[in-house]
Every structure is written in C-alpha cells, then in structure tokens.
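Heads up: numbering here begins at 1 and tracks the sequence. Indexing begins at 1, ligand by ligand and atom by atom, following the structure's order.
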Amino acid sequence: MTDKTKATGAAEQDRVLIFDTTLRDGEQSPGATMTHDEKLEIAEMLDEMGVDIIEAGFPIASEGDFEAVSDIARQSKNSVICGLARANFKDIDRCWEAVRHARRPRIHTFIGTSPLHRAIPNLDMDQMAERIHETVTHARNLCDNVQWSPMDATRTEHDYLCRVVEIAIKAGATTINIPDTVGYTAPRESAELIRMLLERVPGADTITFATHCHNDLGMATANALAAVEAGARQIECTINGLGERAGNTALEEVVMALKVRNDIMPYRTGIDTTRIMGISRRVAAVSGFPVQYNKAIVGKNAFAHESGIHQDGMLKNAQTFEIMRPEDIGLSATNLVMGKHSGRAALRAKLRDLGYELADNQLNDVFVRFKALADRKKEVYDDDLVALMTDTASEGAGDHMQVKFLRVICGTEAPQSADLILTMDGTDHQVTAQGDGPVDATFNAIKKLFPHHARLALYQVHAVTEGTDAQATVSVRLEEDGKIVTGQSSDTDTVVASAKAYVSALNNLIVRRAKTKPEEDVKSAS
Ligand SMILES: CC(=O)SCCNC(=O)CCNC(=O)[C@H](O)C(C)(C)COP(=O)(O)OP(=O)(O)OC[C@H]1O[C@@H](n2cnc3c(N)ncnc32)[C@H](O)[C@@H]1OP(=O)(O)O
Ligand SMILES: CC(C)C(=O)C(=O)O
Ligand SMILES: [Mn+2]
C-alpha cells in the first residue's frame with residue numbers, strides 16, 4: 001500500500017471516492033430548498049447507494065442546517081458525514097458540533113484564494129496564508145478528517161495555490177479539494193492543475209486530491225474525469241447535477257462514465273448504480289427541479305428510441321444503440337404494461353423495479369389507488385406509479401385535514417370560484433371562495449377554512465406523462481418564520497392536485513409548528 005492509498009483510506013489506487021454535495025451545494029440552487037425530513041431521506045438513500053462522503057450542509061448557515069447535519073450524522077451508517085465551514089473558528093466549531101455525532105465525521109473548511117476572492121475578506125497573500133494555517137490547524141485539533149478547499153482554485157495563481165495547499169497539508173488537512181467554483185476550466189487544464197499540484201507540492205502524495213466542478217460551460221463532468229486521470233481520487237458531485245447556477249458535476253454521469261468506459265478510465269467507485277434512477281426521481285421531486293428529458297443517464301429519453309432505424313437495431317441487438325443497460329441504473333427491466341386489468345402481482349413486480357419494496361398491507365392500499373387511477377387513464381406509466389408512491393408517502397395517517405370535495409367553475413368569465421369541503425379532524429367544513437383563476441380560488445377557499453400567514457414560496461406543476469389524460473404533479477412550498485414545508489400531490493385534474501398539495505403542505509406545517517412551539521401556541525396559531 002502506498003502512502004497515498006493510506007491517506008484516502010481506499011484499498012487500491014484505482015478507487016475513486018464519491019463525495020455527494022446535493023444537500024449543500026445542490027440545495028444552494030435558488031428554489032431547491034429541501035425540508036428537514038426530505039434531507040434525512042435523501043441522506044439515507046445516498047448512504048445506502050454507497051456514497052463515500054455526504055456533505056450534509058453548512059451548519060453555521062442556520063439553525064435548520066445545523067439540525068439537518070446533526071441528524072444526518074446521527075443516522076449515518078457507512079458514509080463519512082461532512083459539514084462546510086468558512087475559514088473562521090466559529091464556523092468550524094459549529095460544524096464540528098453537528099458532524100461529531102457521525103461514526104465518521106469530516107470538517108470541510110474553505111476560503112477563496114484567487115485575486116478576486118482574496119479581495120472579499122480584504123486579506124493580502126500572507127494574511128490569508130496565516131488564516132489558512134490557523135483554521136486548518138483548529139479543525140484538525142477537533143477532527144482527524146479535515147478537507148480544505150481553495151475556492152476559485154482554477155483562477156488562482158499557480159505559485160500561490162501551491163503555497164497554500166502546502167500550508168493546509170502541513171496543518172493537517174487529509175483531503176485537498178480543488179474547486180472550479182465558476183465552471184471556468186476545461187478538461188486539459190483541469191488535469192494539468194492536479195498534475196502540477198502533485199508534482200510541486202511537498203506532501204501532496206500523502207493526501208487525497210478532490211475535484212469539484214461547476215457546469216457553467218457544460219464541462220463539469222469532463223473536467224472532473226480529467227482531474228481523476230491526472231491523480232484526483234475524490235469527485236464532488238450532486239444527484240441530477242443540481243447546484244449553483246448551471247449546477248455541479250452530476251453523480252450519475254461520472255459514475256456511469258467510469259463504469260461504461262472502464263476500458264479507457266480504469267477507476268472504480270463504490271456506488272450501487274441500480275439505485276441511481278430511484279434517487280434521481282426523489283431528488284427531482286423534493287427539490288422541485290424536474291430532470292430535463294434529454295439529460296444524460298437519468299433523462300426520460302436517455303433510453304427511449306423512436307426512429308425506425310434505431311428501433312430496428314434495438315430489436316436485433318440492443319447494443320447497436322445502447323451503451324449501457326437500463327437495468328444498470330435501476331430502470332425497469334420488465335416490460336409489463338400496467339392498466340385497469342393488471343393485478344397485485346404485476347403491480348408488486350413493477351414497483352420493485354422502480355425501487356419500492358412493499359409489505360402486503362401497503363400493497364393493498366397502493367393497489368386501490370392504482371385501480372382508481374387506471375379507471376381514469378388508458379395506460380399507467382412508470383412515472384404515474386412514482387407519482388402515486390410520492391403521493392402515498394406524503395399523506396400521513398394522522399393528517400389534520402383532507403380534501404373531500406372540490407368543484408371549480410372556471411372559464412372566460414372572471415372571477416373563478418371554488419366550492420370546497422375539507423375534512424378537518426374528522427369533521428366536514430364547507431366553503432365557497434373566488435379568485436383570479438381556478439387555483440387561486442381553490443387556495444383562497446382553503447385559506448378561509450384554515451387561516452394562516454405562511455407565504456407561498458413555490459407553486460409548481462408538471463405533467464407526469466404525455467397526453468391530455470396525463471396526471472399533473474403539483475409541488476407547493478410554504479414558508480413560515482424561516483421554516484419551510486412542502487406538499488406534493490398528483491391527479492389527472494390539475495386543480496385537485498393543487499388543492500391536495502396545498503393541504504399536504506399545511507398538514508406538514510401543523511406538524512412543524514407542533515415540534516417548535518408549546519401546545520397552546522399551536523392551537524391558537526391555527
Ligand atoms: C462557492 C460556495 O458554494 S461557498 C458557500 C456558499 N453558501 C452560502 O453562502 C450559503 C449559506 N450562507 C449563509 O447562510 C450566510 O451567507 C452566512 C450565515 C454563512 C453568513 O451570513 P452573514 O454573516 O450575514 O454574511 P454575508 O452572507 O452577508 O457575507 C459573507 C461573509 O462571510 C465572509 N466570508 C465568505 N467566505 C468566507 C470564507 N471562506 N472564510 C471566511 N470568511 C468568509 C465574507 O467576507 C463576508 O464577511 P463580511 O461581511 O465580514 O465581509
Ligand atoms: C465551498 C466550495 C468547495 C464550493 O462549493 C465551490 O468552490 O464551488
Ligand atoms: Mn461549489
């Protein structure tokens with residue numbers, strides 16, 4: 001074993017560590033905020049799929065971030081749990097307080113080292129070098145697993161970059177991450193930078209180099225892979241490439257590229273690739289960022305063939321037009337067409353393919369919903385079933401209210417109006433309200449029955465499948481006193497889906513209030 005493999009903890013030189021930052025850099029995408037429970041769920045899925053390091057959040061950023069990182073640390077099984085901290089003792093202490101609950105904690109501290117970024121905290125080169133020495137030393141005194149990042153490394157002078165990387169290594173950093181913060185580099189340059197650091201920095205062979213790329217010029221995956229070929233052994237990435245601006249390197253892309261082109265990139269990851277589709281769908285749902293149809297690996301069209309020559313080739317030999325098998329990323333291997341004549345056995349098999357393992361009583365419940373949907377739709381597609389499962393998961397047995405009846409009058413003559421019956425704690429309440437459009441009228445009706453001050457932070461609709469009988473999935477995000485809750489629902493009627501999503505968010509809000517306020521306050525607030 002070489003010194004380098006000792007430092008990475010990897011058994012062999014060909015092992016590339018996967019560092020997922022969906023919950024930190026991914027969540028920084030404007031509008032991608034996830035709730036506490038959603039973060040825990042995604043972290044569990046990341047852990048189970050074999051992600052080596054999960055960056056769970058930025059603990060100093062808010063109480064919510066701190067709680068999320070602490071709880072993810074507590075629930076972690078195999079993954080290293082990492083939190084982000086700026087280059088100051090307060091951030092680092094707060095980060096340690098959160099990650100220390102993990103079986104394998106890591107502190108990730110960073111500072112911008114390029115000329116543009118050095119000007120922000122107004123530090124000259126020497127002062128910044130001193131700050132790096134102090135903060136990495138402090139982090140290392142708390143935790144034996146410390147990652148340091150020179151933010152905007154790809155626009156930092158090489159001599160200065162070598163100098164600060166050496167300081168961080170001497171102060172005890174075990175991983176040095178080289179971020180292309182603004183997605184500026186290109187593959188050859190990305191590789192040369194890692195090679196240059198490995199050659200010039202004393203001690204570089206004792207730590208792991210990581211690559212952290214952004215997709216501003218569409219090169220995040222290529223840049224990350226180039227860095228690996230030059231010696232980086234940790235790739236920082238996010239599910240679906242979620243992240244600031246144009247996003248980060250997509251986990252599914254680098255992992256599948258290393259698997260499919262192992263002949264020319266002989267590196268291994270520890271990822272169970274059959275879980276890719278499941279987590280991609282879940283991250284899309286909870287972040288409210290749908291995956292574009294032609295997205296590599298996880299896009300709806302990634303394995304779809306419509307043109308005759310392609311279909312002919314596929315029928316004769318799938319390898320003619322497919323470089324990987326759909327099953328490898330967890331896409332349905334069976335070709336069961338689901339509709340109103342399907343039974344429980346087919347539904348169970350189909351849901352298993354989609355990543356849902358159900359007990360008998362759960363299956364019975366889902367089957368009733370499936371039949372109701374199949375009565376309204378000719379064919380129930382995989383995405384319809386995923387929407388159905390998401391709906392089932394977001395409805396709790398202890399929900400305070402449910403939509404019982406909704407009739408909306410809409411059309412060219414304003415105002416539109418909604419007749420609504422909500423069952424609230426077992427009692428039906430009826431109301432009529434008007435609004436600017438059917439959804440506005442419906443939301444006004446709900447608000448009349450359940451007055452509140454939560455702000456509607458997001459209302460998003462997308463069609464689950466094609467066709468005029470397609471289901472609509474609606475996501476609603478509400479914000480109250482800095483706390484965020486979401487609700488989701490699907491229905492072939494967009495307004496019904498909207499009403500149910502709004503009510504689901506309000507049910508979550510009630511739970512949230514109960515967790516943060518004394519009993520009496522909760523009652524009076526509603
Ligand atoms: C490239 C990246 O992804 S970096 C991570 C970016 N992520 C985020 O910013 C999300 C979370 N951030 C937040 O919640 C807030 O910005 C907080 C809580 C961290 C800080 O909030 P505030 O104290 O109000 O500061 P604000 O955001 O206005 O400005 C950032 C401050 O941090 C300083 N700073 C920024 N980066 C660093 C760093 N790496 N090390 C030390 N200080 C830093 C800035 O100089 C500025 O301080 P100043 O106001 O004294 O000049
Ligand atoms: C905090 C750092 C690693 C970052 O996200 C970036 O530079 O893009
Ligand atoms: Mn980043």
Just to confirm, does any protein heavy atom lie below 4.0 Å from atom 21 (O) of ligand 1?
-> no
Numbered atoms and elements of ligand 2 in range of H214, under 4.0 angstrom, heavy atoms | 8 (O)
Of the backbone atoms (N, CA, C, O) and the side-chain heavy atoms from C-beta on, which set of R24 has a member under 4.0 Å from an atom of ligand 1: side chain, backbone, both, or neither?
-> side chain
Relative to the heavy atoms of A87, which atoms of ligand 1 are at a distance of less than 4.0 Å?
-> 38 (C), 39 (N), 40 (N), 41 (C)
Numbered atoms and elements of ligand 2 in range of M151, under 4.0 angstrom, heavy atoms = 7 (O)
Does R118 count as lying over the ring of Y160, i.e. NZ or CZ under 6.0 Å from the six-ring centre, within 45 degrees of the axis?
-> yes
Does atom 24 (O) of ligand 1 have any protein heavy atom closer than 4.0 Å?
-> no
May I ask whether atom 39 (N) of ligand 1 is less than 4.0 Å from at least one protein heavy atom?
-> yes
For the pair R163 and E166, find out whether any cationic side-chain nitrogen is under 4.0 Å from an anionic carboxylate oxygen.
-> no
Heavy-atom pair with the smallest gap, counting every atom of C213 and A224 = SG-N, 3.8 Å
Residue, atom and distance of the protein heavy atom nearest atom 11 (C) of ligand 1 read F58 CD1, 3.5 Å
For the residue pair F19 and V80, establish whether any side-chain heavy-atom pair is separated by less than 4.5 Å.
-> no
Between T486 and E38, a side-chain donor and acceptor under 3.5 Å | yes
Quick one: does atom 27 (O) of ligand 1 have a protein heavy atom under 4.0 Å from it?
-> no
Subset of ligand 2 atoms that lie under 4.0 Å from at least one heavy atom of D25 | 5 (O)
State which residue, out of E67, E44, E27, fulfils the salt bridge (charged side-chain N to carboxylate O under 4.0 Å, His left out) condition with K39.
-> E27
Can a donor-acceptor pair be found between the side chains of S190 and N223 at a distance below 3.5 Å?
-> no
To which protein heavy atom is atom 5 (C) of ligand 1 closest, and what is the distance rounded to 0.1 Å?
-> Q28 OE1, 3.6 Å
Non-hydrogen atoms of Y459 and S498 that approach each other most closely = OH-OG, 2.8 Å
Looking at atom 16 (O) of ligand 1, is any protein heavy atom nearer than 4.0 Å to it?
-> no
Within-cutoff protein neighbour (heavy atom, under 4.0 Å) for atom 8 (C) of ligand 1 | yes
In ligand 2, which numbered atoms sit nearer than 4.0 Å to a non-hydrogen atom of T181?
-> 6 (C), 7 (O), 8 (O)
Counting only non-hydrogen atoms of the protein, does one fall under 4.0 Å from atom 51 (O) of ligand 1?
-> no
Please indicate whether any nitrogen or oxygen in H212 is less than 3.5 Å from any nitrogen or oxygen in ligand 2.
-> yes
Any protein heavy atom sitting closer than 4.0 Å to atom 46 (C) of ligand 1?
-> no
Charged N to carboxylate O under 4.0 angstrom, R106 versus E55?
-> no
With a 3.5 Å cut-off and no angle check, do the side chains of Q147 and E236 form a donor-acceptor pair?
-> yes
Residue pair D37 / T35, side-chain donor-acceptor N/O under 3.5 Å = no
Quick one: which ligand 2 atoms are inside 4.0 Å of a heavy atom on N177?
-> 3 (C)
Between the candidates R131, M151, H117, which shows the shortest non-hydrogen contact distance to atom 1 (C) of ligand 1?
-> M151
Taking the non-hydrogen atoms of R24, is any one of them nearer than 4.0 angstrom to ligand 2?
-> yes
Looking at T221, D25, N240, which one forms a side chain to side chain donor-acceptor pair (under 3.5 Å) with N248?
-> D25
Flag for H101-D71: side-chain donor and acceptor within less than 3.5 Å = no
Looking at D25, pick out the N, O or S atom nearest to the Mn ion (ligand 3) and give its name.
-> OD2
In terms of atom number and element, which parts of ligand 1 are under 4.0 angstrom from non-hydrogen atoms of A61?
-> 11 (C), 14 (O), 18 (C)
Note: ligand 1 atoms sitting under 4.0 Å from heavy atoms of T181 are 1 (C)
Ligand-side contact atoms (ligand 1) for residue partner F110, heavy atom cut-off under 4.0 Å = 4 (S), 38 (C), 39 (N), 40 (N)
How about T21 and T238: does a side-chain donor come under 3.5 Å of a side-chain acceptor?
-> no
Do Q127 and R131 have side-chain N/O donor and acceptor atoms under 3.5 Å apart?
-> no
Would you mind checking which non-hydrogen protein atom is closest to atom 32 (O) of ligand 1, with the distance to 0.1 Å?
-> R86 NH1, 2.8 Å
Find all atoms of ligand 1 within a distance of less than 4.0 Å from any non-hydrogen atom belonging to I120, and give their numbers and elements.
-> 45 (O)
